[in-house]
Amino acid sequence: MEMEKTYNHKNTEEAIYKMWEKGGFFTPKIEKSKKPFTILLPLPNANDPMHIGHALFTIQDILIRYHRMLGEPTLWLPGGDHAGIETQYVFEKHLAKEGKSRFNYDSETLYKMISSFVEENKDINKSQMKQLGFSLDWTRYRYSLEPTILETVFDTFRELYKDNLIYRNEKMVNFCPKCGTAFSDLEINHQEKEDILYYLDYGAIKIATARPETIFADAAVAVNPDDKRYKNIQNKKAVIPIINKEIPIITDKDIKVDFGTGALKVTPAHDPVDYEIGQGHNLEVIKTIDRNGRMINVPQRYLGLKILRAREAVVADLEKEGKLVKTEPLKHAVSLCYKCGSPIEPFLIPQWFVKTKALAKPAIQAVKEGKTKIVPKKRFEKMYFDWLENVLDWNISRQIVWGPRIPAWFCLDCNQNIEINFIDENGQKVFGEYKNLKEKYNFSEIEKGLQSLSAPVDAEYSLESDGCPKCRGKNVLQETDTFDTWFLSGQWPLTTLGYPNGRDFKYFYPTSVLDTMWDILFFWVARMMMLGLYRTGKVPFKTVHIHARVVDKQGKKMSKSKGNVIGPIEMAEKYGADALRMSLVFGVAPASDVVVSEDKIRAMRNFANKVWNASRFVLQRETKVKSQESRVKIEGKRSKVNEGDKWIIQEMGKTAVTVTRNLEKYRFDKAVEEIYHFFWHSFCDKYIESVKDRREDAQTVLEEVLETSLKLLHPFMPFVTEEIWGKLPKKKDTPLIISSWPSA
RNA sequence: GGGCGAUUAGCUCAAUUGGCAGAGUGUUUGGUUUACAUCCAAAAGGUUGCAGGUUCAAAUCCUGCAUCGCCCACCA
């Protein structure tokens with residue numbers, strides 16, 4: 001048997017993957033009598049090339065290959081996510097390069113443009129996963145915007161609506177003026193920031209604020225009822241500077257006496273706390289900032305200014321008027337958009353919400369009862385419970401184009417004050433309430449050029465698309481808000497398997513394992529639990545395995561700006577997919593950071609080469625063995641086997657047991673260390689060395705041990721092991737990928 | 001403000017229920033024409049962050065402190 005002196009992954013990987021794929025080994029046979037093993041791939045953004053985090057899917061491939069070798073019908077189902085805001089954000093940058101923006105297009109056109117943008121990139125992602133050897137069933141690949149998937153998603157929405165778990169409300173939501181959309185609470189980053197606290201003279205009282213530009217939206221000044229300083233002025237009026245508007249002074253027990261002057265200006269439209277106070281005191285809600293982050297309903301000279309510019313201008317004027325008492329530095333937490341980093345504005349905008357409490361309860365219960373196990377348990381179950389027990393209602397609407405529109409329709413004739421943005425036949429942008437537009441434009445022109453609509457919170461809507469159930473009119477427009485991406489991916493176990501009647505759903509649901517990183521435990525895992533239980537009454541997966549983040553050698557998160565990114569594809573090309581895969585599990589304790597460096601990948605490449613060369617030794621030696629008869633059989637003739645043979649066979653057995661046990665416990669690090677150590681230091685360094693000075697009858701033992709080692713190694717290093725397997729002297733009728741796992 | 005985790009060899013990390021502190025990598029020395037220099041043999045390298053306590057026995061359990069990291073949170 002001719003083998004090269006060093007293992008060259010470039011000569012083998014592609015052909016081997018094709019052989020597997022062609023053989024159909026990734027596609028399970030549905031056998032009623034056997035229990036399946038199923039993992040759904042956490043759907044990557046279909047538009048994204050692979051980064052090192054995706055390479056951690058290796059863990060899933062290890063589980064999948066192990067269970068496949070155990071003879072279970074094994075399904076690993078791949079998919080791609082349209083990834084709403086993520087993708088739209090990338091696409092907008094792309095547009096910006098061409099000097100365009102999202103505002104240049106009607107929503108349908110924009111949607112189609114993004115769609116084809118994603119389509120171009122989807123295949124890159126797929127081929128990269130193949131390059132890493134992932135044994136995914138590509139015949140079942142699903143994309144999150146496929147019609148059949150959306151059908152289930154819409155259906156869930158309707159069910160929730162019927163159960164009174166969907167509502168539309170004008171609540172304080174996290175709005176990013178730059179991205180132009182609201183976000184859920186999870187999509188907000190909090191950051192400590194140095195700011196300025198301005199002390200302002202409000203006539204009878206002095207207040208302190210970090211946001212002087214919002215004074216025009218003030219509805220009151222609030223003090224603590226127990227604050228002795230303000231006992232006498234509670235009936236007096238405060239006066240907003242510049243516009244000299246009188247507002248009441250009210251009391252509220254949440255006001256902190258020791259902050260600033262102990263007096264808070266209450267701005268119900270632009271601050272969540274103030275909104276609550278305002279609700280309690282029936283205060284007027286005055287909006288002075290619009291969705292683009294520009295000033296409205298303010299004195300002429302500030303109109304249209306952006307927030308920060310307005311702040312400067314207002315402060316300058318306050319100073320001129322002598323109303324700026326003093327300033328002091330302020331360290332406080334601000335909310336930032338997780339996507340673009342701009343400050344989040346709390347806005348009152350009608351949004352769609354899911355009542356989460358009712359859904360959370362069964363999701364908590366299921367984990368408490370052990371129907372779903374979280375591994376590692378200790379840390380992450382606590383995180384899971386804490387979040388679900390305190391969860392607020394979920395804002396599922398986003399004001400972006402890239403996503404499925406919420407399936408609700410507004411009748412324009414019944415809701416004439418709906419605000420509409422559209423592009424008319426002449427390409428001009430038009431904005432206004434319908435009642436003012438309908439004289440000039442006919443319905444179809446509006447519908448065709450529609451960019452977005454904004455219906456008042458009390459607008460009536462219907463889930464029927466073909467006309468208004470009330471007036472029977474046909475001038476209905478579908479909501480332009482789209483679903484939060486996680487509302488879709490939260491139903492992935494249902495949609496991909498064909499809930500409710502699909503054959504896959506009936507056979508593979510609930511799935512076996514969900515492997516993901518802790519950062520999307522709330523975003524995704526908790527939502528899948530809630531929606532899965534809601535629709536089917538069964539948990540979507542029996543085990544949640546949580547892995548950690550990939551960091552560099554210094555323990556730092558990898559990011560492009562730090563320049564410490566390790567490209568998985570680049571590394572796989574340089575050192576082989578097997579080496580990269582090994583480096584992601586070797587020495588990685590459960591849920592601890594995955595430290596990857598080129599050094600480590602190189603070390604693993606050395607191991608792959610070691611496996612190759614040990615095999616080369618065994619196989620070359622085999623050709624020297626004169627005849628089959630000269631061999632000693634292991635079975636039945638133990639007496640002729642010497643001490644060394646017995647020892648290595650025993651070690652082999654122990655290793656198989658340990659590897660298996662650790663795989664069952666999700667201790668991949670232990671499993672891989674065990675087989676690594678056995679192969680290199682017991683088999684190669686000790687046994688093979690000892691064999692060199694011996695008679696030839698060790699050949700059977702050598703081959704036997706090699707064969708078993710290849711099996712144990714295969715889930716971790718599928719390519720090199722499969723390649724060697726094909727060269728074994730005893731002709732194998734099945735490839736290694738579907739050979740049987742060594743019985744312990 | 002609340003909570004969680006970490007601190008072990010030069011570096012990155014392990015150590016199942018408390019039981020001789022181990023890997024990878026790096027360093028040093030020697031070896032190797034005969035599977036592999038992507039190799040082999042050996043060595044050096046540790047008061048397990050600090051201070052107490054429990055125990056026959058502590059990296060591990062308890063208390064306090066220090067430093068770092070993360071999550072959650074509406075603080076003007």
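Just so it is clear: chains get the letters A, B, ... in the order the sequence lines come, proteins before strands, and each one is counted from 1. Given the structure is predicted, the values throughout are model-derived calculations rather than measurements.
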Subject >> Options B/G3, B/C71, B/C36, nucleotide nearest the side-chain atoms of A/N609 >> reply: B/C36

**OP:** Let me know, please, whether A/N606 or A/G587 comes out on the 5' side of the other along RNA chain B by nearest nucleotide.
**Re:** A/G587

Subject >> Below 4.0 Å: OP1/OP2 of B/A41 and any side-chain N or O of A/H681 >> reply: no

**OP:** Let me know the distance between OH of A/Y687 and P of B/A35, rounded to the nearest Å.
**Re:** 16 Å

Subject >> Euclidean distance for C1', B/A43 against B/G26 (whole angstrom) >> reply: 14 Å

Original post:
Between B/C74 atom P and A/K256 atom NZ, what is the distance in whole Å?
Top reply: 12 Å

**OP:** Look at the aromatic rings of A/Y338 and A/F183 and report parallel, tilted or perpendicular, splitting at 30° and 60°.
**Re:** perpendicular

Subject >> A/K5, nearest nucleotide to its side chain (from B/C36, B/G24, B/A35) >> reply: B/C36

Original post:
Heavy atoms under 4.0 Å, any strand shown: does A/D386 hit a base, just sugar-phosphate, or nothing?
Top reply: nothing

Original post:
Between B/U25, B/A35, B/G24, which one does the side chain of A/Q620 approach most closely?
Top reply: B/A35

**OP:** Look through every strand shown and name the nucleotide pairing with B/U8 as Watson-Crick or G-U wobble, where both distances are under 3.5 Å.
**Re:** none

**OP:** With C1' as the reference atom in both, quote the distance from B/G45 to B/C11 in angstrom, rounded to an integer.
**Re:** 13 Å

**OP:** Name the pairing partner of B/A73, where a pair is Watson-Crick or G-U wobble with both distances under 3.5 Å, or state none.
**Re:** none

**OP:** Write down the distance separating the P atoms in B/A15 and B/G22, rounded off to the nearest Å.
**Re:** 14 Å

Subject >> Below 4.0 Å: OP1/OP2 of B/C40 and any side-chain N or O of A/K610 >> reply: yes

Subject >> Selected nucleotide, minimal atom distance to A/W518 side chain, candidates B/C71, B/C74, B/C4 >> reply: B/C71

Original post:
For the residue pair A/F607 and A/W680, does the interplanar ring angle fall in the parallel (under 30°), tilted (30 to 60°) or perpendicular (over 60°) class?
Top reply: parallel

**OP:** Mind calculating the distance between CZ (A/R667) and C1' (B/C13) to the nearest angstrom?
**Re:** 12 Å

**OP:** Name the closest nucleotide to the A/S592 side chain, picking from B/A35, B/A14, B/G24.
**Re:** B/A14

**OP:** Report yes if at least one side-chain N or O of A/R549 is closer than 4.0 Å to OP1 or OP2 of B/G5; otherwise report no.
**Re:** no

**OP:** Look at all strands and tell whether A/K692 reaches a base, only sugar-phosphate, or nothing, counting heavy atoms closer than 4.0 Å.
**Re:** base

**OP:** Go through A/K287 and A/E170 one step at a time and tell me if the salt bridge (charged side-chain N to carboxylate O under 4.0 Å, His left out) criterion holds.
**Re:** CA-CA 13 Å; A/K287 297 180 186 176; A/E170 189 171 51; 3.2 Å; yes

Original post:
CZ of A/F679 versus C1' of B/C39: gap in Å, rounded?
Top reply: 14 Å

Original post:
Considering Watson-Crick and G-U wobble pairs with both distances under 3.5 Å, what does B/C39 pair with?
Top reply: B/G31

**OP:** Identify whether any heavy atom of A/A603 sits under 4.0 Å from a base atom; if not, whether one sits that close to sugar-phosphate; answer base, sugar-phosphate or nothing.
**Re:** sugar-phosphate

Original post:
How would you label the contact of A/I688 with the nucleic acid (heavy atoms, under 4.0 Å): base, sugar-phosphate, or nothing?
Top reply: base

Subject >> Partner nucleotide of B/C61 by Watson-Crick or wobble geometry (both distances under 3.5 Å) >> reply: B/G53

**OP:** Determine, using ring centers only, whether A/F668 and A/H545 are less than 6.0 Å apart.
**Re:** yes

Original post:
Given the P atoms of B/A59 and B/G53, what is the spacing between them in whole Å?
Top reply: 15 Å

Original post:
Among the nucleotides B/U38, B/C72, B/G24, which one has an atom lying closest to any side-chain atom of A/F522?
Top reply: B/C72

**OP:** Flag the pair A/K256 and A/D258 as a salt bridge only when some basic side-chain nitrogen lies within less than 4.0 angstrom of an acidic carboxylate oxygen.
**Re:** no

Original post:
Any side-chain heavy-atom pair from A/V367 and A/E381 closer than 4.5 angstrom?
Top reply: yes

**OP:** Any strand is fair game: report the nucleotide pairing with B/U47 by Watson-Crick or G-U wobble, both distances under 3.5 Å, or none.
**Re:** none

Original post:
NA contact type, A/E689, heavy-atom cut-off 4.0 Å: base, sugar-phosphate, or nothing?
Top reply: base

Subject >> Nucleotide paired to B/G22 in any strand shown, Watson-Crick or G-U, under 3.5 Å >> reply: B/C13

**OP:** For the pair A/K711 and A/E707, find out whether any cationic side-chain nitrogen is under 4.0 Å from an anionic carboxylate oxygen.
**Re:** no

Subject >> Nearest-Å distance for atom pair CE/P, residues A/M383 and B/C70 >> reply: 13 Å

Subject >> A/H190 vs A/D669, nearer the 5' end of RNA chain B by closest nucleotide >> reply: A/D669

Original post:
Using a cut-off of 4.0 Å on non-hydrogen atoms, how would the nucleic acid contact of A/K600 be classed: base, sugar-phosphate, or nothing?
Top reply: nothing

Subject >> Integer angstrom distance from the P of B/G2 to that of B/U12 >> reply: 31 Å

**OP:** Write down the distance between CD1 (A/I520) and P (B/C72), rounded to a whole number of angstrom.
**Re:** 14 Å

Subject >> B/A23 to B/U16 separation - P atoms, rounded to the nearest Å >> reply: 16 Å

Original post:
Separation of A/Q191 atom CD from B/C70 atom C1', in whole Å?
Top reply: 15 Å

Original post:
Between B/U27 atom P and A/D599 atom CG, what is the distance in whole Å?
Top reply: 10 Å

Subject >> Gap in Å between the two P atoms, one belonging to B/C72 and one to B/A57, rounded >> reply: 44 Å

**OP:** Have a look at A/R211 and say if it touches a base, only the backbone sugar-phosphate, or nothing, with a 4.0 Å heavy-atom cut-off.
**Re:** nothing

Subject >> Nucleotide nearest A/D685 (side chain, heavy atoms from C-beta), chosen from B/C40, B/C4, B/G24 >> reply: B/C40

Subject >> A/L712 and A/L710, any side-chain heavy atoms less than 4.5 Å apart >> reply: no

**OP:** Provide the distance between the two P atoms, one in B/U25 and one in B/U38, to the nearest whole Å.
**Re:** 13 Å

**OP:** Report the nucleotide, chosen from B/U12, B/A14, B/C72, that has the shortest atom-to-atom distance to any side-chain atom of A/A589.
**Re:** B/A14

**OP:** With the side chain of A/R616 defined as its heavy atoms from C-beta on, choose the nearest nucleotide among B/U12, B/C36, B/A15.
**Re:** B/C36

Subject >> Separation between CZ of A/R581 and OG1 of A/T58, rounded to the nearest 0.5 Å >> reply: 5.0 Å

